[in-house]
Amino acid sequence: LSVPGVHCALCITTVEDALTRHPGVRSARVNLTLKRATVEAAPEVEAEALVGVLEGIGYEAHELDAGTLSATQTDKAGRDLLMRLAVAGFATMNVMLLSISVWSGAEAATRDMFHWISAAIALPTIVFSGRPFFVSAWGALKHRRLNMDVPIVLAIVLALATSLWETSLSGEYAYFDAALALVFFLLAGRYLDYRTRAVARSAAEELAALEVPRAVRLRDGAEETVQVSALVAGDLVLVRPGGRMPVDGEIVEGQSELDRSLLTGETVPVFAGPGLGVSAGEVNLTGPLVVRATAVGEETSLHRMADLVAIAESGRSNYTSLADKAARLYAPGVHILSALSFVGWYLYTWDMRTALNIAAAVLIITCPCALGLAVPAVTTAASGRLFRKGMLIKHATALERLAQVDVVVFDKTGTLTAGTPDLINLEDFSPEELSVALALAQGSSHPLSQALSAAAQGAGVRPAALSGIEEVPGYGTQGRLDGALVRLGRASWVGAAPLAQTAAFLSLGEGAPRAFRFADSLRPGAEAAVAALKADGKDVLLMSGDTAGAVEALAGRLGITHWVAEALPEDKAAKVQALADEGRHVLMVGDGLNDTAALSAAHVSISPASA
């Protein structure tokens, strides 16, 4: 299960205890870094039940497809680097011991023996531990370009070749220790660099894992639980309240409300009835729905979004780090200098051995190990300071790209706003009205009902004694007060005129229905952040899947002149790409799955931890 709300040791204990107390659960372990709970349970235990357990103690949870996540469960790259680092370190220590004996005065046969033992240790170690550098350098040369690893590899290879030649001629100097130490320190830099971003993982993998693994298929009126991979277009699928849509399709039976914030960023649920098209990943809130599948598996909108993100993420690898840019100038310069040294000394002495030794020394000394070590060390230090301030760095070149940003694109819901509705006109209602409204709101899982309930309880209101409270899927909640029908819900259901802003209407049977008005509250610091960016000369753009009225109101409040409303995921990505095509460097800030394609397409991007 994905449990995005865990953030400390107490959270881990609370979640694990709640899960293990559930009947049929054998064990539960929480991974704080990945914010996931792995549960081992009896076959009859449903994932939905465990999600309900966690939501009951205040933790949002989603089932993830374990098969899709298998790639992220093991830290193969980190373990591989650490193993190569350990081997290089052990070999370096031993060759250094032998070198000290030579430097201390070992001569003739003793010196040669120590050199040959050093060679026996160094050669296989460098072949094994230096593999990351060899692979990177070969990849660059194959595409006819230079990167930082090309001069590094050349220095290592030339140091080994010169050392072997010197040893075979019973020479005094060998550089096995230098070659090994170089590999060891560079691997240390690579590992530090890797660890700073190990906590971040691929957004595309997380998106794909949110696809529902199982669905309830209807065949001749009978229900059967099947893997989603077994569904085909035309199948009828039952989606219960609280369930996530497993397919794209059309509702053929039932009425409910859908939470589409996953795909559109809209905070307010939409009415769902027969004929409405639905997308995989949307959440059914209040009533059971029967959906006829029109797209399954890789054809669903959620999977297409994951593909869009994967393509954009792969483009990130095209960014060149500052060190590699420097290496483009540095590498040819170093090689030319080394070649000139060789030619000059050979013409001066006509001694190939002396010329090769000096050329190797020049290459080893000028090898860009300073860049190879300094860049990861600086990145690690900067990432550590940012981590203590609450920021995680995901990509190697993110900080370098952040310095180039000239336009900032904000998502609205959950980024500049808190993403939850706030009741703004509580004081307009009498205690009796609030008492009835609270009793009705407590009978519903609708976000507006929950916001009303929280506000009324915060004001000390007690619920009225109503009878026959029931939720009418897609419309609202109703009950009876002293025999009279009372309702809380949609304008059309209670006979009220709809408002331009988000509202829920209370009807007490007599008089005109009253409107509870809601607004999305600003995140703390949002106004200051936008003002600071504008003061720094950055262009600020607001882009949201929400309605034009809501987006315009927020833009006016924050002083943002350029805004786009009702934007679909592909619209956001296209806008970011269009800005990039104009030569702008875009910083995208967003939190919803509907923002992932735009986040990945941007020059650099930021997401809040609550995303």
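These numbers come from a predicted model, not from an experiment. The figures here come from the full heavy-atom set of this structure, side chains too, leaving out hydrogens, waters and symmetry mates.
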Worked check of side chain to side chain contact (heavy atoms under 4.5 Å, CB included) between Asp259 and Val270: CA-CA 7 Å; Asp259 177 359; Val270 297; over 6 Å; no
Any side-chain donor-acceptor pair under 3.5 Å between Glu471 and Ser444? yes
What are the two closest non-hydrogen atoms of Val283 and Arg244, and how far apart are they? CG2-NH1, 4.2 Å
Suppose we screen for side chain to side chain contact (heavy atoms under 4.5 Å, CB included). Which residues come up paired with Ala497, at least two apart in sequence or across chains? none
I'd like to know whether CD of Glu253 has more than 12 heavy-atom contacts from other residues, nucleotides or ligands below 6.0 angstrom. no
When you measure from the side chain of Ser600 to the backbone of Ala597, do you find a donor-acceptor pair of N or O atoms at a distance under 3.5 Å? no
Can a salt bridge be assigned to the pair Arg214 and Glu48 using a cut-off of 4.0 Å between side-chain N and carboxylate O? no
Taking Val239's backbone N and O only, do any of them form a donor-acceptor pair with Asn284's side chain (distance below 3.5 Å, no angle check)? yes
Do Thr502 and Leu448 make a side-chain contact, defined as non-hydrogen atoms from C-beta onward lying under 4.5 Å apart? yes
With sequence neighbours excluded, tell me which residues meet side chain to side chain donor-acceptor pair (under 3.5 Å) with Arg584. Asp539
Would you say that Val530 contacts Phe410 through its side chain, given a criterion of any heavy-atom pair below 4.5 Å between the two side chains? yes
Using only atom types and a distance under 3.5 Å, with no angle test, would you say the side chain of Thr286 pairs donor to acceptor with the backbone of Pro473? no
If the threshold is 4.0 Å, N to carboxylate O, is there a salt bridge linking Asp235 and Arg292? no
Can you tell if the side chain of Val51 reaches within under 4.5 Å of the side chain of Leu1, non-hydrogen atoms only? yes
Might you point out which heavy atoms bring Val576 and Met543 nearest each other, and give the distance in Å? CG2-CE, 4.3 Å
Using 0.5 Å steps for rounding, measure from the CG atom of Leu485 to the CG atom of Leu466. 10.5 Å
Within the structure provided, determine whether Val232 and Val296 are in side-chain contact (heavy-atom separation under 4.5 Å). no
Side chain to side chain donor-acceptor pair (under 3.5 Å) involving Glu470 - partner list, sequence neighbours excluded: Gln478
Using a 4.5 Å cut-off on heavy atoms from C-beta on, say whether the side chain of Pro447 contacts that of Leu285. yes
Kindly write out the residues that satisfy side chain to side chain donor-acceptor pair (under 3.5 Å) with Glu16, not counting sequence neighbours, or none if the list is empty. none
Taken to the nearest 0.5 Å, the spacing of Asp406 CG from His603 NE2 works out to 9.0 Å
Considering all heavy atoms of both residues, which atom of Met245 and which atom of Ser279 are nearest to each other, and what is their separation? CB-O, 3.4 Å
Do Val252 and Leu236 come within less than 4.5 Å of each other through their side chains, counting heavy atoms only? yes
Should Trp493 and Leu488 count as side-chain neighbours, where that means a heavy-atom distance under 4.5 Å? no
In short, Thr413 meets Thr417 closest at the heavy-atom pair CA-OG1, 3.2 Å
Quick one: closest heavy-atom pair of Arg490 and Pro269, and the distance? NH2-O, 4.0 Å
Partners passing side chain to side chain contact (heavy atoms under 4.5 Å, CB included) against Glu250 (at least two apart in sequence or in another chain): none
On a heavy-atom basis, the closest approach of Val15 and Val30 is CG1-CG2, 3.7 Å
Tell me, please, which residues at least two apart from Phe518 pass ring pair (Phe, Tyr, Trp, His ring centres under 6.0 Å). none
Gap separating the CG atom of Asp17 from the CD1 atom of Ile57, nearest 0.5 angstrom: 8.5 Å
Whether Asp248 side chain and Ala280 backbone form a donor-acceptor pair below 3.5 Å: yes
Does atom CD of Gln404 have more than 12 heavy-atom neighbours from other groups under 6.0 Å away? yes
Any residue meeting side chain to side chain contact (heavy atoms under 4.5 Å, CB included) with Leu276, in chain and number order, not counting sequence neighbours: Ile251, Leu258, Arg260, Ala272
N/O donor-acceptor pair under 3.5 Å between Ser507 side chain and Pro513 backbone: no
Verdict with supporting geometry, Val237 and Leu218, side chain to side chain contact (heavy atoms under 4.5 Å, CB included): CA-CA 6 Å; Val237 179; Leu218 298 177; over 6 Å; no
Leu499: partners by side chain to side chain contact (heavy atoms under 4.5 Å, CB included), with sequence neighbours left out: Ala503, Phe505, Ala515, Arg517
Show your working on side chain to side chain contact (heavy atoms under 4.5 Å, CB included) between Phe271 and Ser256 and close with a plain yes or no. CA-CA 6 Å; Phe271 176 77; Ser256 182; over 6 Å; no
OG1/Thr477 to NE2/His446 distance, rounded to the nearest 0.5 angstrom? 9.0 Å
Could you tabulate the donor-acceptor pairs under 3.5 Å formed by side-chain atoms of residues 551-561, not counting sequence neighbours?
none

Quick one: are Val408 and Leu541 in side-chain contact, heavy atoms under 4.5 Å? no
Taking Arg26 for its side chain and Glu40 for its backbone only, find out whether a donor-acceptor pair lies under 3.5 Å. no
What's the verdict on side chain to side chain contact (heavy atoms under 4.5 Å, CB included) for Ser607 and Leu599, showing C-alpha distance, side-chain angles and the deciding distance? CA-CA 8 Å; Ser607 281; Leu599 287 165; 3.4 Å; yes
Which residues pass the side chain to side chain donor-acceptor pair (under 3.5 Å) test with Tyr475, sequence neighbours left out? Gln255
Is the side chain of Ser453 donor-acceptor paired with the backbone N or O of Ala441 at a distance under 3.5 Å, no angle test? no
Let me confirm one number: the CG-CG distance from Leu438 to Leu440, rounded to the nearest 0.5 Å. 9.0 Å
Distance, nearest 0.5 Å, that separates CD of Glu299 from OG1 of Thr294: 10.5 Å
Show which side-chain atoms of residues 223-231 pair as donor or acceptor with protein atoms under 3.5 Å away, not counting sequence neighbours.
residue: Glu223; atom: OE1; partner: Arg240; partner atom: NH2; Å: 2.7
residue: Glu224; atom: OE2; partner: Arg217; partner atom: NE; Å: 3.1
residue: Glu224; atom: OE2; partner: Arg217; partner atom: NH2; Å: 3.3

Given salt bridge (charged side-chain N to carboxylate O under 4.0 Å, His left out), test Lys572 with Asp595 step by step and report yes or no. CA-CA 7 Å; Lys572 291 186 176 185; Asp595 300 316; 2.5 Å; yes
